[in-house]
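Order of appearance sets the numbers: ligands from 1, and atoms from 1 within every ligand. Just so it is clear, the values below take in all heavy atoms, side chains as well, and ignore hydrogens, waters and symmetry mates. When a residue number appears, it is its place in the shown sequence, counting from 1.
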Amino acid sequence: MALIVQKYGGTSVGSLDRIRNVANRIKRLRDEGNQVVAVVSAMGGVTDKLIAMANDLNDEPAERELDVLLSTGEQQSIALVSMALHELGIEAVSVTGRQAGIKTTGSHTRGKIDAIDPSLMRQYIDDDKVVICAGFQGLREDGMIHTLGRGGSDLSAIAVAASLNADVCQILTDVDGVYTCDPRVVKDARKMPEVSYDEMLEMASSGTKVMQSRSVEFAKKYGVIFEVRSSLNDNPGTIVTEEHDNM
Ligand code: ASP
Ligand code: MG
């Protein structure tokens with residue numbers, strides 16, 4: 001039995017059908033006997049829409065209030081994914097950043113993860129429940145709701161995987177791995193079975209961006225090996241790790 005931490009981005013939970021798809025994927029892992037913690041983003045477009053509303057009302061929206069507002073996007077998706085799982089007969093519980101014990105520091109809208117106290121998540125896992133954790137958010141030392149910067153759910157997932165000492169960490173997205181160039185742009189892009197953290201960071205800076213650089217740096221620092229793969233098919237993805245020998 002493995003403990004699998006997965007991250008589903010905005011596209012992967014972008015509609016109710018996509019959320020049903022996520023629930024089915026999680027159910028499959030459960031049926032195979034695994035424990036699952038899924039970190040989810042806001043439904044695609046929701047964060048942008050919330051930012052647009054804030055900017056419409058105020059030329060310089062208060063960053064404290066932006067954090068309160070933007071964190072609601074992920075809170076919607078964790079509840080919806082949990083409900084979709086209940087419909088399939090799977091016991092799932094949602095946790096916000098605070099409930100997940102994600103402790104942050106730094107200024108509003110640009111939080112950094114300082115530490116995670118995963119005891120509540122651990123308790124749910126021990127009770128054999130699937131945990132659906134809000135990405136992109138945590139609780140600052142002073143008790144404020146805090147978000148982690150755009151794309152921050154990647155960081156949440158890597159940090160949660162590290163804190164739970166997960167057997168597997170999968171970043172599920174709309175491409176099925178890391179390519180030599182962007183497959184959405186270049187047709188004969190080649191998927192790499194494995195890349196190193198440093199190569200992944202180089203690619204992010206050269207524009208082939210699959211995930212937030214900060215998250216890759218965090219994974220490197222804490223030695224979290226993860227896989228980037230598609231939420232829409234079962235193709236093996238790309239393993240991101242310290243060393244590799246296939247390039
Ligand atoms: N929902 C947030 C964003 O759009 C965080 C994330 O998706 O990773 O930036
Ligand atoms: Mg993203």
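Less than 4.0 angstrom separates some heavy atom of Ser153 from each of these atoms of ligand 1: 5 (C), 6 (C), 7 (O), 8 (O). Under a 4.0 Å criterion applied to the non-hydrogen atoms of Ser41, ligand 1 contributes the atoms 6 (C), 7 (O), 8 (O).
Among all heavy-atom pairs drawn from Asn34 and Met1, the shortest one is CA-CG, 4.2 Å. Between Ala54 and Leu69, the shortest heavy-atom contact is CB-CD2, 4.0 Å.
Considering backbone and side-chain N/O atoms, Lys7 never comes within less than 3.5 Å of an N/O atom of ligand 1. The shortest N or O to N or O distance between Asp154 and ligand 1 is not below 3.5 Å. Polar contact with ligand 1: present for Gly151 (N/O pair, distance under 3.5 Å).
Of the candidates Gln212, Met211, Arg150, Glu74, Arg150 brings a heavy atom nearest to atom 9 (O) of ligand 1.
Judged by the shortest distance from any of its heavy atoms, Gly73 lies outside the 4.0 Å radius around the atoms of ligand 1.
Looking at Leu29, Val40, Val39, Val168 one by one, the single match for side chain to side chain contact (heavy atoms under 4.5 Å, CB included) with Gln6 turns out to be Leu29.
In this structure, Phe226 and Tyr197 have tilted ring planes: the angle between them lies in the 30° to 60° band.
Taking the charged nitrogens against the carboxylate oxygens, Arg25 and Asp234 do have a contact shorter than 4.0 Å, which makes a salt bridge.
Counting heavy atoms from C-beta outward, Ile225 and Val240 have side chains that stay 4.5 Å or more apart.
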